[in-house]
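Indexing begins at 1, ligand by ligand and atom by atom, following the structure's order.
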Amino acid sequence: MNTAHARPVTILTGFLGAGKTTFLNALMKSYPKKRFAIIENEIGQLNIDSSLLNENYGQLVALQEGCICCTLNDELYTALESLYQKQDSFDELVIECTGLAIPDAITEPFTRHPVFKSYFPLKKIICLVDAALIEDQIKERDEVLRQITAADVIVINKTEAVHSAYLSYLSNYLAHVNPLAKTLQSTVTEGFPFEIIEEIKYTKKIEAFSFLKNVNLSGSLILGKSSLAKQHLSDIATRVYTFTEEFNFVNLFLGLSKLVGKYPNKIYRMKGIGYKKDENKKIIIQTVGSRVDMDYGNHWKKDERKMNTLVFIGKELDSLSIQDLLIRMLTIKEKQ
Ligand SMILES: Nc1nc2c(ncn2[C@@H]2O[C@H](COP(=O)(O)OP(=O)(O)OP(=O)(O)O)[C@@H](O)[C@H]2O)c(=O)[nH]1
């Protein structure tokens, strides 16, 4: 193996909606000469993130309907084999994990596999956190703590949403949770500190944390097969709603705001693509916590059918009557 041809790997982690895709788009824009291969993993059976990415990547592999740290661990190896065959088409690999992935469980190919570890050396693990939501998310989901403790860089994102005093407290708190990581800050408007991030290298840290020693971190978890890794999504549901009829977007915004405001601990994330008959661009509809965002995205391609598709990720979703609510937001009521 000629390591001069190595393709360094960055694992991008962070809870649902922390800003991973936003970060990845900004990264590709900041390094226009670098060709990135991307492995994009989403829990739902629809890969909305692929539509949210700028299309200036070298290769894109979408792994969906599962999580690469557990149910799709074999597919990760298949994806790496296929990228290995296309080595001339990219310089670096970025893996955007699902917001619920446990990053320790996907480092194995890059740190231990006899072939891949030379060809795909692990460059670093970056964890994005949402400044306003991270403390609640740590309490709510074990995966969040695992993402933070695995990281070489913690990027506190959306800092404009919190007071500067809270930001210094949060920064200290995260540095305390993972003293081996560098903690940085970013906002969409000021951008991500890529130059500093570029200097930071991967360090193995599992042994460094005594509380992690108490968790079952056997070799089998690193292979993604332990019961912990298997069970971590057992309470998570995804629901996809599609409508060919147009939404009334004002009503949709208000309806979604009410819904996510009422169930912040049940609806973790919603991502969707909507359309307007007289508009050639997709409408990107998202919720993170109790915040709803709508914005224009890429153009509809000629062979794509215009329709509305919303993916909800959370717990006990069937008890929330989401479909009934969405039907009420259509310009003409229709049943799916
Ligand atoms: N206000 C604000 N919003 C941001 C910032 N960064 C990202 N967002 C928004 O947060 C939402 C989620 O961003 P994404 O980049 O899709 O987050 P993600 O981590 O890739 O989400 P998942 O793939 O679902 O886990 C989008 O609506 C972004 O526009 C920021 O710095 N400030």
Under a 4.0 angstrom heavy-atom cut-off, which atoms of ligand 1 come close to [X]?
| X | value |
| --- | --- |
| Thr187 | 31 (O) |
| Leu16 | 25 (O) |
| Glu96 | 20 (O), 23 (O) |
| Gln286 | 11 (C), 12 (C), 16 (O), 26 (C), 27 (O) |
| Glu160 | 1 (N), 2 (C), 30 (C), 31 (O), 32 (N) |

At a non-hydrogen distance cut-off of under 4.0 Å, which region of [X] contacts ligand 1 (side chain, backbone, both, or neither)?
| X | result |
| --- | --- |
| Lys158 | both |
| Asn157 | side chain |
| Thr22 | both |

(message) Does Glu42 form a side chain to side chain contact (heavy atoms under 4.5 Å, CB included) with Lys271? I'd like the steps, not just the answer.
(response) CA-CA 11 Å; Glu42 284 202 81; Lys271 286 191 258 197; 2.8 Å; yes

(request) Might you work through the side chain to side chain donor-acceptor pair (under 3.5 Å) test for Glu96 and Thr21, ending with a clear yes or no? (result) CA-CA 8 Å; Glu96 183 183 347; Thr21 308; 2.8 Å; yes

(request) Would you check whether Val288 has a nitrogen or oxygen atom less than 3.5 angstrom from a nitrogen or oxygen atom of ligand 1? (result)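 Val288 vs ligand 1: no N/O contact under 3.5 Å.
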
(message) Between ligand 1 and Gly19, is the shortest N or O to N or O distance under 3.5 Å?
(response)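 Yes.
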
(request) Verify side chain to side chain contact (heavy atoms under 4.5 Å, CB included) between Tyr119 and His113, making sure each step is shown before the conclusion. (result) CA-CA 10 Å; Tyr119 186 69; His113 187 279; over 6 Å; no

(request) State whether Lys123 and Glu198 are salt-bridged, where the test is any N-O pair (Lys NZ or Arg NE/NH1/NH2 against Asp/Glu carboxylate O) under 4.0 Å. (result)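 Here Lys123 pairs with Glu198 in a salt bridge, since their nearest N and O are under 4.0 Å apart.
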
(message) If the threshold is 4.0 Å, N to carboxylate O, is there a salt bridge linking Glu199 and Lys182?
(response)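 No, Glu199 and Lys182 are not salt-bridged.
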
(message) Whether the Gln286 and Arg269 side chains hold a donor-acceptor pair (N or O, under 3.5 Å, no angle test) is what I'd like checked.
(response)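 Yes.
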
(message) I want to confirm something. Looking only at heavy atoms, which of Arg291, Lys271, Gln185, Lys20 is nearest to atom 23 (O) of ligand 1?
(response)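 Checking each option, the heavy atom nearest atom 23 (O) of ligand 1 is found in Lys271.
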
(message) If we only consider heavy atoms of Ala18, is any one of them less than 4.0 Å away from an atom in ligand 1?
(response)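 Ala18 counts as a contact of ligand 1 under the 4.0 Å cut-off.
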
(message) Any side-chain to backbone donor/acceptor pair from Lys34 onto Leu27? Under 3.5 Å, distance only.
(response)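 Side chain of Lys34 to backbone of Leu27, a donor-acceptor pair under 3.5 Å: no, none is there.
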
(request) Would you please test Tyr173 and Tyr166 for ring-ring contact (aromatic ring centres under 6.0 Å, His included) and show each step? (result) CA-CA 10 Å; Tyr173 169 68; Tyr166 177 73; 9.2 Å; no

